[in-house]
4 protein chains.
Amino acid sequence: MGKREDNAIATRQSLIEAADHLIVQKGYENISVDDIVKTSGIAKGTFYNYFERKEDLIFELSKEHFAKLNTQTILSEQDDPIIIIKKYLIDFMSVIFNSKIELARQWVRYISFSETNSNKWQFDVQSFEQLLMKLIDADKLKVNTPVHQLAQLFLTEMYGVIFTWCISPKTVDPIATVKRFCDLQLSALLQPYLINA
Amino acid sequence: MGKREDNAIATRQSLIEAADHLIVQKGYENISVDDIVKTSGIAKGTFYNYFERKEDLIFELSKEHFAKLNTQTILSEQDDPIIIIKKYLIDFMSVIFNSKIELARQWVRYISFSETNSNKWQFDVQSFEQLLMKLIDADKLKVNTPVHQLAQLFLTEMYGVIFTWCISPKTVDPIATVKRFCDLQLSALLQPYLINA
Amino acid sequence: MGKREDNAIATRQSLIEAADHLIVQKGYENISVDDIVKTSGIAKGTFYNYFERKEDLIFELSKEHFAKLNTQTILSEQDDPIIIIKKYLIDFMSVIFNSKIELARQWVRYISFSETNSNKWQFDVQSFEQLLMKLIDADKLKVNTPVHQLAQLFLTEMYGVIFTWCISPKTVDPIATVKRFCDLQLSALLQPYLINA
Amino acid sequence: MGKREDNAIATRQSLIEAADHLIVQKGYENISVDDIVKTSGIAKGTFYNYFERKEDLIFELSKEHFAKLNTQTILSEQDDPIIIIKKYLIDFMSVIFNSKIELARQWVRYISFSETNSNKWQFDVQSFEQLLMKLIDADKLKVNTPVHQLAQLFLTEMYGVIFTWCISPKTVDPIATVKRFCDLQLSALLQPYLINA
DNA sequence: TATGAATGAGTCTTCATTCAT
DNA sequence: AATGAATGAAGACTCATTCAT
């Protein structure tokens, strides 16, 4: 409501943005509260009015941060489910590819840090499951499609591409790899579950 | 005659083992030289007789770990190339699975840190290429098999499995995932290149 | 209203004073941040709120010391330029002599460390040049007096005295040496440029 | 006698030379026993067979080191004592000037470190006293010449020149300064003690 | 005598967190 | 709610010295 609340929200946002900015430059492990408050121009004490511990901001951040990497599930009006899925996967990879590789690396490092960071993975699997379920609802896939299994399988491939890209950006082209994956395997994998119009 | 030399080697080994032990418990970033020397019962100064900086030990460790994670390419006397490949991939994953998950996590974090660590990936791809070439030589695959492409594809999947396992060990079962991958996709992918006896 | 600011200034001053005190006792190279904070009763971390590195405090100190060592050029109402100059040189030396010898030593070591510390020397030469020029203006020295040359000559002698005093305080008496220098050489050196009333 | 003794002397010398070499590069305070033994290729333990403590070598070194800066008192067959003295002083300064300025700086820093290092100064004063006494013996100076006083006075000037050269090598030309000093003051100072042939 | 591994006190520096203003 | 000075534990690294071989 009031101006005060707005200011408070703005302050909080400043801190998050500063941290976000710093993470890309220095990596998760190497940002200090000092860095954050200096970058945001906010007093150190103020930081602790908003976050009980540094970790809290990091957690907050991961939500903000990886939201950027989330694909919008837009079910195109396309007919062919294979093309729909291919588009989805390419979009998914594009979002990551278009971010800087450093961001992707930080993400890999962060996400593999501990089980508490598995949200993104869970979320991605669920999103893909939803896509498949929409396709089922739209009578484009059979009701017995093993939604969860396929989602895991596809996402595993996606994560593998991201990972190997981080490892060897010169020899791995993420988008091309996804395209190849789709062309080589998609129809084979989905064949049993397709409903032919 | 090498009592002193033996002791020296033992000391060095103690340090490495202590570090190795601690990494599994606390993770890469959270082990201190103090921890290491206390665990190994060696004086702090001694540490620096063996490693110029803490990083050097970490590097040393990574090398050991990488070595551990290398699969022996043993071409079994099996007939069916699909079974041979499946066995190879399962062996590959078993080596990693049998190491502690913390070790795998450290490896993921380390390997994704920068391009300079891409050797393992290159090595793994090459190893798999060699397997495929052996199969070609043994007249089990056609000579036009796209060796490099397939190797990248399979290894990407493997790396994806490792990665997602690190992220979400409770929902991902690496060995089962590899088996499922093989069952669902191997024959489809290799079909065009199989030579039927 | 500046209670906090006042405290901060006091803290900073405590640190400087503690360091100053320690330097006299132990010498430049032998004081540690630990010593300083223990002496001043301030927490170690606080030190680094005020000085980015130990060196910075040392530099700060040098500035203070240099300031202390600067002689006030007060042109006395004396008639005889020789007496005026003698007084000036004795004053100059007294300032240094009255500081502890350790301080002088630190100064010698600091100032000779590199060219970047040559300000004090330049400043001293200029100050003496100004004295001579005032004497010219007051019609006590001829206008063709080689101001710069004489200034360098005299100051070289002064610096030599300080240096040898630091080396051998038992055999060198700085004030007496300056007096002797004046008595033996001043009239001879200035003779050509004196204006007799 | 034996080979053993020779070796021992050689080892000792190696250590001194290595330290000597390092001092010019890194300064008195910054050389470590480690540096010394690495440079000389001798084992660390061996160092302590020759010197009880690091300081002992430093002391040893100062003797060797500054011996280099000692002028050979060669009484030329010149007639005029003023010219003889001038030549001596210029030689004195040349030795220092011809060494690198860094060496001179180290020397200034070292020599001013504490009273224990006053040998060089004492030695220089005595050498000059000897010169003056030779001139008295040769009937070129009167027997009532204040040998010690003049020696101190001249050497103070010399040390002043060295010191200011270290401080401001760009504005101070040691040799020229000595020449100027001699030309301006030598005859005036010696006048009372000259014996005219 | 020569060796070099072992030692541990000591050094600088960082940083998350607290708290009086 | 905002501030920023104060804190002290913890970290990496150095180095003169000892001592068993």
Side-chain angles (χ1 to χ4, degrees), chain A residues 3-5 7-8 11-12 30-38 41-57, chain B residues 1-12 29-37 41-55 57, chain C residues 1-12 29-37 41-55 57, chain D residues 3-5 7-8 11-12 30-38 41-57:
Chain A
K3 221 177 192 171
R4 268 231 299 258
E5 279 88 352
N7 277 341
T11 303
R12 187 189 169 84
N30 305 314
I31 52 172
S32 66
V33 174
D34 241 272
D35 284 336
I36 296 169
V37 296
K38 254 174 214 152
I42 284 164
K44 186 133 72 164
T46 307
F47 181 95
Y48 287 89
N49 290 337
Y50 290 95
F51 304 97
E52 280 205 5
R53 25 205 75 259
K54 184 190 164 194
E55 256 192 346
D56 293 352
L57 170 60
Chain B
M1 254 298 89
K3 197 165 185 182
R4 263 211 322 219
E5 282 85 353
D6 286 354
N7 277 341
I9 289 169
T11 302
R12 187 190 167 87
E29 277 78 16
N30 304 313
I31 55 172
S32 67
V33 174
D34 245 85
D35 285 335
I36 295 170
V37 296
I42 283 166
K44 181 119 68 129
T46 306
F47 181 95
Y48 288 92
N49 288 341
Y50 291 93
F51 305 98
E52 283 203 6
R53 25 205 78 260
K54 185 189 163 192
E55 253 193 348
L57 171 59
Chain C
M1 256 304 88
K3 197 166 184 182
R4 263 212 320 219
E5 281 85 353
D6 287 354
N7 278 341
I9 290 168
T11 302
R12 188 191 167 86
E29 277 78 18
N30 304 313
I31 54 171
S32 67
V33 174
D34 243 86
D35 285 335
I36 296 170
V37 297
I42 283 166
K44 182 119 68 129
T46 306
F47 181 95
Y48 287 91
N49 288 341
Y50 291 94
F51 306 98
E52 283 203 4
R53 24 205 78 260
K54 185 189 164 191
E55 255 192 348
L57 171 59
Chain D
K3 221 175 193 174
R4 267 230 301 256
E5 278 88 353
N7 276 342
T11 303
R12 187 189 170 85
N30 305 315
I31 53 173
S32 66
V33 174
D34 240 272
D35 284 335
I36 296 170
V37 298
K38 253 174 215 154
I42 284 164
K44 185 132 74 164
T46 307
F47 181 95
Y48 287 89
N49 291 336
Y50 290 95
F51 304 97
E52 281 205 4
R53 25 205 75 261
K54 184 190 164 191
E55 256 192 347
D56 294 352
L57 170 61

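On a predicted model such as this, the values are computed, not experimentally measured, just so you know. Just so we're on the same page: letters track the sequence lines, and every chain starts at 1.
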Earlier contact from the 5' end, DNA chain E, for C/Asn7 and B/Ile42:
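Result: B/Ile42.
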Does B/Thr46 or C/Asp35 map to a spot on DNA chain E nearer the 5' end, using the closest nucleotide for each?
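Of the two residues, B/Thr46 wins.
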Does a side-chain heavy-atom distance below 4.5 Å link [X] with [Y]?
X       : Y       : value
C/Leu57 : C/Tyr50 : no
A/Val33 : A/Tyr48 : yes
D/Thr46 : D/Val37 : no

Would you mind classifying the nucleic acid contact of [X] as base, sugar-phosphate or nothing, using non-hydrogen atoms under 4.0 angstrom?
X       : value
C/Ser32 : sugar-phosphate
C/Ile31 : sugar-phosphate
D/Tyr50 : sugar-phosphate

Between [N] ([atom2]) and [X] ([atom1]): distance, integer Å:
X       : N      : atom1 : atom2 : value
B/Asn30 : E/dT14 : CG    : P     : 20 Å
A/Arg12 : F/dA2  : CZ    : P     : 12 Å
C/Phe47 : F/dA5  : CZ    : C1'   : 16 Å
D/Tyr48 : F/dA20 : OH    : P     : 17 Å
C/Asp6  : F/dA6  : CG    : C1'   : 16 Å
A/Ile36 : E/dT17 : CD1   : C1'   : 14 Å
B/Phe51 : F/dT14 : CZ    : P     : 15 Å
B/Leu57 : F/dC13 : CG    : P     : 11 Å

When you measure from the side chain of C/Ala43, which nucleotide among F/dT7, E/dG4, F/dC13 comes out closest?
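Comparing F/dT7, E/dG4, F/dC13 against the side chain of C/Ala43, the answer is F/dT7.
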What nucleotide, of E/dT7, F/dA12, F/dA16, holds the atom closest to the side chain of B/Lys54?
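Looking only at side-chain atoms, B/Lys54 lies closest to F/dA12.
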Looking only at side-chain N and O atoms, does C/Arg53 come under 4.0 Å of OP1 or OP2 in E/dT13?
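Answer is yes, contact under 4.0 Å.
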Pair B/Phe47-B/Ile42, side chain to side chain contact (heavy atoms under 4.5 Å, CB included): steps then yes or no:
CA-CA 8 Å; B/Phe47 181 95; B/Ile42 283 166; 5.9 Å; no
Could you work out, with salt bridge (Lys or Arg N to Asp or Glu O under 4.0 Å) as the rule, every residue matching A/Asp34, not counting sequence neighbours?
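Partners of A/Asp34 by the salt bridge (Lys or Arg N to Asp or Glu O under 4.0 Å) criterion, ordered by chain and then number, come out as A/Lys38, A/Lys44.
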Paired stretches of DNA chain E - 3 or more consecutive Watson-Crick or G-U pairs, each distance under 3.5 Å
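For DNA chain E the paired stretches long enough to count as stems (3 pairs minimum) are E:2-21 with F:2-21.
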Taking for each residue the nucleotide of DNA chain F with the nearest heavy atom, is it B/Val33 or A/Lys44 whose nucleotide lies nearer the 5' end?
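Its nearest nucleotide being more 5', the pick is A/Lys44.
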D/Gly45 or A/Gly41: which one's nearest nucleotide on DNA chain F is closer to the 5' end?
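Between the two, 5'-proximity favours A/Gly41.
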Determine whether any donor atom in the side chain of C/Asn49 lies under 3.5 Å from an acceptor atom in the base of F/dA5, or the reverse, and answer yes or no.
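For C/Asn49, whose side chain was compared with the base of F/dA5, there is no donor-acceptor pair (under 3.5 Å).
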